[in-house]
Visitor: 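One structure, as structure tokens, below. Some questions next.
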Amino acid sequence: MSANNAFHIAVLAGDGIGPEVMAPALEVLRKIETKSGLSFRFTEAPAGANNYLATGKSMPDTTIKLCEEADAILLGACGLPSVRYPDNTEIAPQIELRFIFDLYAGVRPARLIPGVPSPIVGADKRGIDLVVIRESTEGLFASMGKGVVTHDDARETMVITRRTSERLFEFSFRLAERRKARGKPGSLACVDKANVFKAFAFFRGIFDEIAKKHPDVTTDRLYVDACAAMLVKRPWDFNVMVMENMFGDIVSDITASLIGGLGMAPSADIGDKYAVFQPCHGTAPDIMGQGKANPTGMILSAAMMLDWLADKHGVESAVEAGERIERAVDQVYAGGLKPMEFGGSNGTADITKAVLGAL
């Protein structure tokens, strides 16, 4: 086996249902390992609210060092509503990792899987297959922990820089080009509020500059409020969208809701060198330990990881391995699998068993 096919994965299971959805994803990757010629070494490390309760830190330095040395990072879900920093904000290693490793591109795919219900009439026939790219280190989130609060007012500052915006747009155009090469639409929309804020006009101006370098990608520009209205009417009209951090936080939750909910939605935070892969959902402490958690978003995040590793290291077998996981998920849902969040009876164990069987 080539050393290029062997990958070291940092595993941060986190809090709540995080460990419960991480275990199935690792089982799926071990199954893939037996069929693909790929090799994985998993190293688990603490992060999250429970670690903060035990040590006073969201992550030990050893966890950050592990993430720095690993080929990729798998993250379950972190934070608990009842555990807070002194300023009353939640413990959020997932956000801290974005700043530590400069993970500026938050990739949030939303694909309606056959057999999964959507609240949008006609979606089962027209399909939904889009990607939200959320800038993940700047925007309004650049003010995290830095806001000023007085008795009379509170102020947070939004930051948009040329350097990060240029890299974000180059990433977005490359993703649109890769989707086009795979037979999907290759359009890209910039979503902003450029009609009101100078910062967003600056953002859109940089988008226009980068667009000139990618003439084969059809582009559009949308205001975020109009975009939200259109998404809940005709989501099949969308392909790839790129936007500021806070807008991306909100819009990606909307798009996840269109494809069955956060339990179905994978995601990645990607930089020039490092990447974190995690489901879009939170820690769901209300169902923790009950076997009800849907691991699909985590499993599909692992598939995204394989695609990224393939692109980064030139390992074509990893592309096929990621696609194999997606096909297995499609197969079991088309066959009638119904998680409890959809009113069905299939819990974590059932979903895991079904996907492993399809593989």
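Throughout, numbering of the chain's residues begins at 1 and tracks the sequence. Predicted model only: the values in this text are computed from it and were never measured.
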Visitor: Looking at every non-hydrogen atom in both residues, tell me the closest pair between Gly260 and Phe342 and how far apart they are.
Guide: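 So the minimum-distance heavy-atom pair works out to O-CE2, 2.9 Å.
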Visitor: Show me the pairs that pass ring pair (Phe, Tyr, Trp, His ring centres under 6.0 Å) and involve residues 225-272, at least two apart or across chains.
Guide: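 Listed once each, the pairs are Phe200-Phe247.
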Visitor: When you compare the side chain of Asp208 with that of Lys212, does any pair of heavy atoms fall below 4.5 Å?
Guide: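 They are not in contact (no side-chain heavy atoms under 4.5 Å apart), so the answer is no.
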Visitor: Look at the side chain of Gln94 and the backbone N and O of Ala77, then say whether any donor-acceptor pair between them is shorter than 3.5 Å.
Guide: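 Flag not set: sc Gln94 to bb Ala77 has no pair under 3.5 Å.
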Visitor: Are Ile160 and Val196 linked, directly or through intermediate hydrophobic residues, by side-chain heavy-atom contacts shorter than 4.5 Å (ILVMFWY only)?
Guide: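 Yes; tracing contacts between hydrophobic side chains, which count when under 4.5 Å, links both residues.
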Visitor: Indicate yes or no: at least one non-hydrogen side-chain atom of Val276 is less than 4.5 angstrom from one of Phe101.
Guide: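 With C-beta onward as the side chain, the pair stays apart.
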Visitor: If the threshold is 4.0 Å, N to carboxylate O, is there a salt bridge linking Lys57 and Asp61?
Guide: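 Asp61 and Lys57: salt-bridged.
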Visitor: Does a side-chain N-to-carboxylate-O contact under 4.0 Å join Asp216 and Lys180?
Guide: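 No.
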Visitor: Does the side chain of Arg221 come under 3.5 Å of the side chain of Thr219 through a donor N or O and an acceptor N or O?
Guide: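 There is such a pair between these side chains.
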Visitor: Side-chain contact test, heavy atoms from C-beta onward, threshold under 4.5 Å: evaluate it for Arg84 versus Glu90 and give yes or no.
Guide: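 Yes. Closest side-chain heavy atoms under 4.5 Å.
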Visitor: What's the spacing between Ile206 CD1 and Arg167 CZ if we round to 0.5 Å?
Guide: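 Going from CD1 on Ile206 over to CZ on Arg167, the span is 12.0 Å.
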Visitor: For Gly271 and Tyr104, work out which heavy atoms get closest and say how close.
Guide: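 Smallest heavy-atom distance, with atoms named: CA-CE2, 3.9 Å.
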Visitor: For the OG1 atom of Thr352 and the CE atom of Met298, what is their distance to the nearest 0.5 Å?
Guide: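 Result: 12.0 Å between the selected atoms.
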Visitor: Between Thr89 and Met144, does a side chain to side chain contact (heavy atoms under 4.5 Å, CB included) hold up when you go through it step by step?
Guide: CA-CA 9 Å; Thr89 58; Met144 191 179 76; over 6 Å; no
Visitor: Hey, are the side chains of Ile9 and Phe277 touching, using non-hydrogen atoms and a 4.5 Å cut-off?
Guide: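 Side-chain contact under 4.5 Å: no.
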Visitor: Could you measure the distance from the CD1 atom of Ile91 to the OG1 atom of Thr283? Nearest 0.5 Å is fine.
Guide: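 Output value for this atom pair is 11.5 Å.
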Visitor: Is any side-chain N of the basic residue among Asp330 and Arg111 closer than 4.0 Å to the acidic one's carboxylate O?
Guide: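 Salt bridge between Asp330 and Arg111, a charged N being under 4.0 Å from a carboxylate O: yes.
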Visitor: Shortest non-hydrogen contact from Gln278 to Arg98?
Guide: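 Closest approach of Gln278 to Arg98, heavy atoms only: OE1-NH2, 4.4 Å.
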Visitor: What's the shortest heavy-atom distance between Leu258 and Ile128, and which atoms?
Guide: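 Looking at all heavy atoms of both residues, the closest pair is O-CD1, 3.6 Å.
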Visitor: Between Thr255 and Pro235, is any pair of side-chain heavy atoms under 4.5 Å apart?
Guide: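 They are not in contact (no side-chain heavy atoms under 4.5 Å apart), so the answer is no.
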Visitor: Any idea which heavy atoms bring Met22 and Leu74 closest together, and the distance?
Guide: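 Here Met22 and Leu74 meet closest at CE-O, 3.6 Å.
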Visitor: Verify the distance criterion only: is there a donor paired with an acceptor across the side chains of Thr164 and Glu138 at less than 3.5 Å?
Guide: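 Distance-only check passes for Thr164 and Glu138.
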Visitor: Looking at Asp311 and Arg174, is there a salt bridge between them, counting it only when a charged N and a carboxylate O are closer than 4.0 Å?
Guide: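 Salt bridge between Arg174 and Asp311, a charged N being under 4.0 Å from a carboxylate O: no.
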Visitor: Check Glu244 with Lys193, please: is the shortest side-chain N to carboxylate O separation under 4.0 Å?
Guide: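 Answer for the salt bridge query: no.
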Visitor: Sorted by first residue and then second, give each side chain to side chain donor-acceptor pair (under 3.5 Å) pair with at least one member in residues 335-345; sequence neighbours left out.
Guide: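 Sorted result for residues 335-345: Asn294-Glu341.
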Visitor: Per the salt bridge (charged side-chain N to carboxylate O under 4.0 Å, His left out) rule, which among Asp269, Asp249, Asp253 passes with Arg108?
Guide: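 Result: among Asp269, Asp249, Asp253, Asp269 is the only option passing the salt bridge (charged side-chain N to carboxylate O under 4.0 Å, His left out) with Arg108.
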Visitor: Any sub-3.5 Å donor-acceptor pair from Thr137's side-chain atoms to Asp102's backbone N or O?
Guide: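 Checking the backbone N and O of Asp102 against the side chain of Thr137, no donor-acceptor pair under 3.5 Å is found.
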Visitor: If we ignore hydrogens and angles and just use 3.5 Å, is the side chain of Asn245 paired with the main-chain N or O of Phe141 as donor and acceptor?
Guide: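 No, Asn245 side chain to Phe141 backbone: no donor-acceptor pair under 3.5 Å.
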Visitor: Ser317 and Leu38: side chain to side chain contact (heavy atoms under 4.5 Å, CB included), yes or no, with the steps?
Guide: CA-CA 8 Å; Ser317 59; Leu38 300 173; 3.4 Å; yes
Visitor: Taking the side chain from Asp15 and the backbone from Ala49, do they hold a donor-acceptor pair closer than 3.5 Å?
Guide: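 Confirmed, Asp15 side chain pairs with Ala49 backbone.
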Visitor: Are Phe99 and Leu12 co-members of a hydrophobic cluster defined by side-chain heavy atoms under 4.5 Å apart?
Guide: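 No; Phe99 is not reachable from Leu12 via cluster members.
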Visitor: Using side-chain heavy atoms (C-beta onward) and a distance below 4.5 Å, is Leu359 in contact with Ile32?
Guide: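 Leu359 vs Ile32: side chains touch.
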Visitor: Which pair of non-hydrogen atoms, one from Leu309 and one from Ala72, has the smallest distance, and what is that distance?
Guide: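 Nearest heavy atoms, Leu309 then Ala72: CD2-CB, 4.2 Å.
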Visitor: Evaluate the side-chain proximity of Asp220 to Asp237: yes if any heavy-atom separation is below 4.5 Å, no if none is.
Guide: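 Asp237 vs Asp220: side chains apart.
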Visitor: Is it the case that over 12 heavy atoms from other parts of the model lie below 6.0 angstrom from the CZ atom of Arg182?
Guide: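 Count over threshold, so yes.
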Visitor: Starting from Val132, can I reach Phe173 by hopping between I/L/V/M/F/W/Y residues whose side chains sit under 4.5 Å apart?
Guide: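 Yes, same cluster.
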Visitor: Supply the atom-to-atom distance Asp192 CG to Leu222 CG, rounded to the nearest 0.5 angstrom.
Guide: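 One finds 8.5 Å between CG of Asp192 and CG of Leu222.
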Visitor: Is there a path of hydrophobic side-chain contacts, each under 4.5 Å between heavy atoms of I/L/V/M/F/W/Y residues, joining Leu80 to Leu262?
Guide: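 Shared cluster, no.
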Visitor: Short question: side chain of Ser143, backbone of Leu140 - any donor-acceptor pair under 3.5 Å?
Guide: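 No, the answer is negative, given that no donor and acceptor are paired below the 3.5 Å cut-off.
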Visitor: Passes side-chain hydrogen bond (donor to acceptor under 3.5 Å, both in side chains), Ser58 versus Glu96? Steps please.
Guide: CA-CA 9 Å; Ser58 66; Glu96 294 167 26; 2.6 Å; yes
Visitor: To the nearest 0.5 Å, what is the distance between CG on Asp129 and CD1 on Ile113?
Guide: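 Those atoms lie 10.5 Å apart.
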Visitor: Does Ile270 share a hydrophobic cluster with Val242, counting links as ILVMFWY side-chain heavy atoms below 4.5 Å and allowing steps through other members?
Guide: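 Per the 4.5 Å side-chain linkage, Ile270 and Val242 are co-clustered.
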Visitor: Under a 3.5 Å distance rule, please check whether Ser136 uses its side chain to pair with a backbone N or O of Arg134 as donor and acceptor.
Guide: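 It does hold such a pair.
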Visitor: Do Glu320 and Arg327 meet the salt-bridge criterion of a basic N to acidic O distance under 4.0 Å?
Guide: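 Looking at Arg327 and Glu320, the cut-off is met.
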Visitor: Can you check side chain to side chain contact (heavy atoms under 4.5 Å, CB included) on Glu69 and Thr43, steps first, answer last?
Guide: CA-CA 11 Å; Glu69 295 174 348; Thr43 303; over 6 Å; no
Visitor: Run the numbers on Met158 and Met246 for side chain to side chain contact (heavy atoms under 4.5 Å, CB included), then give the verdict.
Guide: CA-CA 9 Å; Met158 181 171 67; Met246 179 61 81; over 6 Å; no
Visitor: If you look only at pairs with a residue in residues 37-91, which of them pass as a ring pair (Phe, Tyr, Trp, His ring centres under 6.0 Å), with sequence neighbours excluded?
Guide: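 Counting only pairs at least two positions apart or across chains, the ring pair (Phe, Tyr, Trp, His ring centres under 6.0 Å) contacts touching residues 37-91 are Phe40-Phe42, Tyr52-Tyr85.
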Visitor: Does some side-chain heavy atom of Ile287 sit less than 4.5 Å from a side-chain heavy atom of Met340?
Guide: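 Met340 does not reach Ile287 side chain to side chain.
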Visitor: Tell me if the NZ atom of Lys353 is crowded by more than 12 foreign heavy atoms within 6.0 Å.
Guide: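 No.
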Visitor: Look up atom CD1 in Ile210 and atom SG in Cys190, then write down how far apart they are to the nearest 0.5 Å.
Guide: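 One finds 11.5 Å between CD1 of Ile210 and SG of Cys190.
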